[in-house]
Amino acid sequence: KAGVTQTPRYLIKTRGQQVTLSCSPISGHRSVSWYQQTPGQGLQFLFEYFSETQRNKGNFPGRFSGRQFSNSRSEMNVSTLELGDSALYLCASSWSGVTDTQYFGPGTRLTVL
Amino acid sequence: QKEVEQDPGPLSVPEGAIVSLNCTYSNSAFQYFMWYRQYSRKGPELLMYTYSSGNKEDGRFTAQVDKSSKYISLFIRDSQPSDSATYLCAMMQGGSEKLVFGKGTKLTVNP
(Lines give C-alpha, C1' and ligand atoms only; values in the text may rest on other atoms or scores of the structure.)
Protein backbone atom coordinates (compact mmCIF):
# COMPACT_ATOMS: atom_id res chain seq x y z
CA LYS A 1 0.00 0.00 0.00
CA ALA A 2 1.52 3.34 -1.01
CA GLY A 3 2.15 5.81 1.80
CA VAL A 4 1.36 9.49 1.99
CA THR A 5 3.15 11.42 -0.73
CA GLN A 6 3.98 15.10 -0.72
CA THR A 7 5.22 17.22 -3.59
CA PRO A 8 7.50 18.94 -4.02
CA ARG A 9 9.98 17.69 -1.42
CA TYR A 10 12.04 20.88 -1.46
CA LEU A 11 11.15 24.40 -2.43
CA ILE A 12 12.96 27.74 -2.37
CA LYS A 13 10.95 30.94 -2.66
CA THR A 14 11.52 34.62 -2.02
CA ARG A 15 9.60 36.91 0.31
CA GLY A 16 6.28 38.08 -1.07
CA GLN A 17 5.78 35.10 -3.37
CA GLN A 18 3.11 32.48 -2.88
CA VAL A 19 3.46 28.72 -2.78
CA THR A 20 1.22 25.67 -3.19
CA LEU A 21 2.06 22.33 -1.62
CA SER A 22 0.36 19.06 -2.49
CA CYS A 23 -0.49 15.97 -0.45
CA SER A 24 -1.82 12.63 -1.69
CA PRO A 25 -3.22 10.53 1.17
CA ILE A 26 -3.19 6.78 1.52
CA SER A 27 -5.88 5.25 -0.67
CA GLY A 28 -9.22 5.19 1.17
CA HIS A 29 -8.23 7.80 3.75
CA ARG A 30 -10.63 10.73 3.85
CA SER A 31 -9.01 12.89 6.52
CA VAL A 32 -5.96 15.02 5.75
CA SER A 33 -4.22 17.22 8.32
CA TRP A 34 -1.45 19.73 7.72
CA TYR A 35 1.29 20.71 10.16
CA GLN A 36 4.18 23.15 10.22
CA GLN A 37 7.40 22.01 11.91
CA THR A 38 10.14 24.45 12.93
CA PRO A 39 13.04 24.10 15.40
CA GLY A 40 11.67 26.92 17.53
CA GLN A 41 7.96 26.07 17.68
CA GLY A 42 7.97 22.35 16.99
CA LEU A 43 5.05 20.73 15.21
CA GLN A 44 2.03 22.99 14.95
CA PHE A 45 -1.39 22.11 13.59
CA LEU A 46 -2.51 24.11 10.55
CA PHE A 47 -5.84 22.58 9.50
CA GLU A 48 -7.73 19.34 8.98
CA TYR A 49 -9.99 18.37 6.08
CA PHE A 50 -12.51 15.59 5.80
CA SER A 51 -14.57 14.96 2.68
CA GLU A 52 -13.63 18.36 1.23
CA THR A 53 -14.68 20.23 4.40
CA GLN A 54 -12.32 22.01 6.77
CA ARG A 55 -13.23 20.77 10.24
CA ASN A 56 -10.64 22.57 12.30
CA LYS A 57 -8.01 25.25 11.94
CA GLY A 58 -4.95 26.12 13.99
CA ASN A 59 -3.76 29.57 15.03
CA PHE A 60 -2.18 30.70 11.79
CA PRO A 61 -2.83 33.88 9.80
CA GLY A 62 -5.19 33.91 6.85
CA ARG A 63 -2.22 33.74 4.48
CA PHE A 64 -2.31 30.00 5.13
CA SER A 65 -5.16 28.24 3.38
CA GLY A 66 -5.98 24.82 2.12
CA ARG A 67 -8.47 22.71 0.28
CA GLN A 68 -9.34 19.10 -0.31
CA PHE A 69 -10.54 17.57 -3.54
CA SER A 70 -13.14 14.88 -4.08
CA ASN A 71 -10.39 12.23 -4.38
CA SER A 72 -9.12 13.30 -0.90
CA ARG A 73 -5.95 14.85 -2.28
CA SER A 74 -5.20 18.11 -0.53
CA GLU A 75 -3.30 21.29 -1.23
CA MET A 76 -2.17 24.06 1.05
CA ASN A 77 -1.32 27.54 -0.09
CA VAL A 78 0.75 30.23 1.59
CA SER A 79 0.47 33.71 0.13
CA THR A 80 2.81 36.68 0.63
CA LEU A 81 5.60 34.52 2.01
CA GLU A 82 7.61 35.74 4.99
CA LEU A 83 11.04 34.59 6.18
CA GLY A 84 9.39 32.99 9.20
CA ASP A 85 7.40 30.67 6.95
CA SER A 86 10.57 28.64 6.32
CA ALA A 87 9.72 25.24 7.75
CA LEU A 88 8.99 21.60 7.08
CA TYR A 89 5.34 21.24 6.09
CA LEU A 90 3.91 17.83 6.88
CA CYS A 91 0.63 16.31 5.94
CA ALA A 92 -0.95 13.28 7.55
CA SER A 93 -3.86 11.11 6.49
CA SER A 94 -6.24 8.80 8.33
CA TRP A 95 -9.52 7.02 7.73
CA SER A 96 -11.82 9.38 9.56
CA GLY A 97 -9.90 11.84 11.69
CA VAL A 98 -7.17 12.56 14.16
CA THR A 99 -8.37 9.96 16.66
CA ASP A 100 -7.52 7.32 14.07
CA THR A 101 -3.91 6.42 13.42
CA GLN A 102 -2.43 9.21 11.35
CA TYR A 103 0.19 8.42 8.73
CA PHE A 104 2.58 11.21 7.94
CA GLY A 105 4.24 12.01 4.65
CA PRO A 106 7.93 12.91 4.40
CA GLY A 107 7.17 16.62 4.26
CA THR A 108 7.98 19.55 2.01
CA ARG A 109 10.97 21.62 3.08
CA LEU A 110 10.19 25.28 2.26
CA THR A 111 12.94 27.87 2.40
CA VAL A 112 12.00 31.53 2.07
CA LEU A 113 14.85 33.88 1.13
CA GLN B 1 2.30 28.62 29.78
CA LYS B 2 2.40 26.38 26.73
CA GLU B 3 -0.29 23.72 26.51
CA VAL B 4 2.27 20.91 26.23
CA GLU B 5 5.79 20.99 27.65
CA GLN B 6 8.49 18.50 26.68
CA ASP B 7 12.19 18.59 27.54
CA PRO B 8 14.04 18.81 24.21
CA GLY B 9 17.12 17.01 25.54
CA PRO B 10 19.27 15.86 23.87
CA LEU B 11 19.29 12.59 25.75
CA SER B 12 22.15 10.14 25.23
CA VAL B 13 22.09 6.62 26.70
CA PRO B 14 24.07 3.38 26.26
CA GLU B 15 22.52 0.46 24.42
CA GLY B 16 20.35 -1.63 26.72
CA ALA B 17 19.39 1.25 29.03
CA ILE B 18 15.84 2.04 30.09
CA VAL B 19 14.76 5.37 28.65
CA SER B 20 12.12 7.59 30.22
CA LEU B 21 10.55 10.40 28.18
CA ASN B 22 7.99 12.77 29.66
CA CYS B 23 5.52 15.52 28.86
CA THR B 24 3.40 17.75 31.04
CA TYR B 25 0.29 19.57 29.92
CA SER B 26 -2.02 22.26 31.20
CA ASN B 27 -5.33 21.54 29.42
CA SER B 28 -7.38 19.20 31.61
CA ALA B 29 -9.73 18.54 28.68
CA PHE B 30 -7.12 16.46 26.83
CA GLN B 31 -8.36 12.88 26.51
CA TYR B 32 -6.24 11.33 23.77
CA PHE B 33 -2.50 10.90 24.27
CA MET B 34 0.02 9.77 21.70
CA TRP B 35 3.73 9.27 21.23
CA TYR B 36 5.33 9.66 17.82
CA ARG B 37 8.85 8.79 16.70
CA GLN B 38 10.53 10.87 14.03
CA TYR B 39 13.73 9.82 12.33
CA SER B 40 15.89 12.43 10.65
CA ARG B 41 14.42 13.64 7.34
CA LYS B 42 11.25 11.59 7.82
CA GLY B 43 7.70 12.30 8.93
CA PRO B 44 6.60 11.24 12.43
CA GLU B 45 5.20 7.73 12.92
CA LEU B 46 2.75 6.76 15.63
CA LEU B 47 4.26 4.61 18.40
CA MET B 48 1.68 4.53 21.17
CA TYR B 49 -1.89 5.75 21.58
CA THR B 50 -3.74 5.95 24.90
CA TYR B 51 -7.24 7.13 25.68
CA SER B 52 -7.68 8.72 29.14
CA SER B 53 -5.56 7.51 32.07
CA GLY B 54 -3.64 4.29 32.53
CA ASN B 55 -0.81 2.26 31.10
CA LYS B 56 -0.34 0.64 27.73
CA GLU B 57 2.42 -1.74 26.75
CA ASP B 58 3.64 -2.73 23.29
CA GLY B 59 6.80 -4.77 23.15
CA ARG B 60 9.65 -2.72 24.59
CA PHE B 61 7.49 0.42 24.83
CA THR B 62 5.20 1.42 27.71
CA ALA B 63 3.07 4.54 27.76
CA GLN B 64 1.66 5.96 30.99
CA VAL B 65 -0.91 8.69 31.47
CA ASP B 66 -1.57 10.35 34.83
CA LYS B 67 -4.41 12.80 34.27
CA SER B 68 -4.47 13.90 37.90
CA SER B 69 -0.90 15.18 37.54
CA LYS B 70 -1.28 16.14 33.86
CA TYR B 71 1.79 14.05 33.09
CA ILE B 72 2.50 11.43 30.46
CA SER B 73 5.51 9.17 30.03
CA LEU B 74 7.01 6.82 27.49
CA PHE B 75 9.40 4.11 28.68
CA ILE B 76 11.70 2.23 26.32
CA ARG B 77 13.23 -0.95 27.69
CA ASP B 78 16.42 -2.53 26.35
CA SER B 79 17.04 0.50 24.14
CA GLN B 80 18.67 -0.12 20.77
CA PRO B 81 20.70 2.16 18.45
CA SER B 82 17.73 1.96 16.04
CA ASP B 83 15.67 3.79 18.70
CA SER B 84 17.77 6.90 18.09
CA ALA B 85 15.24 9.48 16.93
CA THR B 86 13.20 12.43 18.13
CA TYR B 87 10.19 11.44 20.24
CA LEU B 88 7.15 13.71 20.22
CA CYS B 89 4.23 13.59 22.59
CA ALA B 90 0.85 14.72 21.28
CA MET B 91 -2.57 15.11 22.80
CA MET B 92 -6.08 16.13 21.90
CA GLN B 93 -9.48 17.03 23.29
CA GLY B 94 -12.34 14.78 22.30
CA GLY B 95 -14.09 15.99 19.16
CA SER B 96 -11.54 18.69 18.36
CA GLU B 97 -9.64 16.99 15.49
CA LYS B 98 -6.68 19.14 16.54
CA LEU B 99 -3.50 17.53 17.84
CA VAL B 100 -1.20 19.55 20.09
CA PHE B 101 2.42 18.39 20.04
CA GLY B 102 5.32 18.77 22.40
CA LYS B 103 8.53 20.06 20.84
CA GLY B 104 10.15 16.62 20.92
CA THR B 105 13.04 15.00 22.76
CA LYS B 106 16.06 13.94 20.71
CA LEU B 107 17.31 10.53 21.85
CA THR B 108 20.63 8.90 20.93
CA VAL B 109 21.32 5.29 21.91
CA ASN B 110 25.02 4.54 21.74
CA PRO B 111 26.22 1.02 20.80
Side-chain angles (χ1 to χ4, degrees), chain A residues 2-7 9-10 21 23-26 29-51 53-60 66 68 74 87-109, chain B residues 1-10 21-27 29-52 56 58 61 63 65 72 85-107:
Chain A
V4 177
T5 57
Q6 292 187 245
T7 55
R9 291 293 310 278
Y10 301 92
L21 312 182
C23 173
S24 292
I26 291 172
H29 285 190
R30 295 166 66 188
S31 170
V32 174
S33 297
W34 286 90
Y35 298 86
Q36 181 196 65
Q37 188 173 33
T38 61
Q41 298 299 318
L43 243 170
Q44 293 185 284
F45 172 79
L46 279 157
F47 24 68
E48 189 258 354
Y49 287 88
F50 180 83
S51 291
T53 299
Q54 185 182 90
R55 293 198 293 192
N56 212 326
K57 189 176 186 333
N59 297 326
F60 280 82
Q68 187 180 33
S74 178
L88 180 67
Y89 290 88
L90 292 156
C91 82
S93 77
S94 66
W95 287 108
S96 63
V98 179
T99 49
D100 287 334
T101 298
Q102 285 194 101
Y103 295 86
F104 280 81
T108 294
R109 173 75 61 185
Chain B
Q1 184 186 8
K2 286 187 74 72
E3 275 192 297
V4 179
E5 301 273 8
Q6 183 177 9
D7 187 339
L21 303 166
N22 311 293
C23 288
T24 59
Y25 62 94
S26 58
N27 186 346
F30 285 145
Q31 294 179 283
Y32 298 88
F33 303 91
M34 302 159 194
W35 285 95
Y36 283 83
R37 177 175 62 195
Q38 185 174 21
Y39 291 113
S40 182
R41 302 185 188 282
K42 302 276 190 182
E45 58 177 327
L46 182 66
L47 266 181
M48 301 288 283
Y49 182 159
T50 310
Y51 173 72
S52 195
K56 186 172 183 179
D58 184 2
F61 298 89
V65 175
I72 71 170
T86 296
Y87 289 80
L88 302 133
C89 63
M91 42 200 86
M92 189 179 69
Q93 291 179 225
S96 78
E97 299 297 334
K98 177 183 170 182
L99 265 184
V100 181
F101 281 85
K103 287 191 178 181
T105 300
K106 185 170 183 178
L107 171 68

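Below, read A as the first sequence line, B as the second, and so on, with proteins coming before strands; counting in each chain starts at 1. What's counted below: heavy atoms across the whole structure, side chains too, no hydrogens, waters or symmetry copies.
- Per-residue heavy-atom pair counts under 4.5 Å with chain A were compared for B/G43, B/P44, B/P8, B/A90, and the maximum is reached by B/P44.
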Donor-acceptor table for chain B and chain A, threshold 3.5 Å:
residue	atom	partner	partner atom	Å
B/Q38	OE1	A/Q37	NE2	2.9
B/Q38	NE2	A/Q37	OE1	3.0
B/Y49	OH	A/T99	O	2.6
B/S96	O	A/N56	ND2	2.1
B/E97	OE1	A/V98	N	2.6
B/K103	NZ	A/G40	O	2.5

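- A/L90 touches chain B through its side chain: at least one heavy atom from C-beta onward sits under 4.5 Å away, while N, CA, C and O do not.
- With chain B as partner, the option from A/F104, A/F45, A/F50 having the largest number of non-hydrogen pairs under 4.5 angstrom is A/F104.
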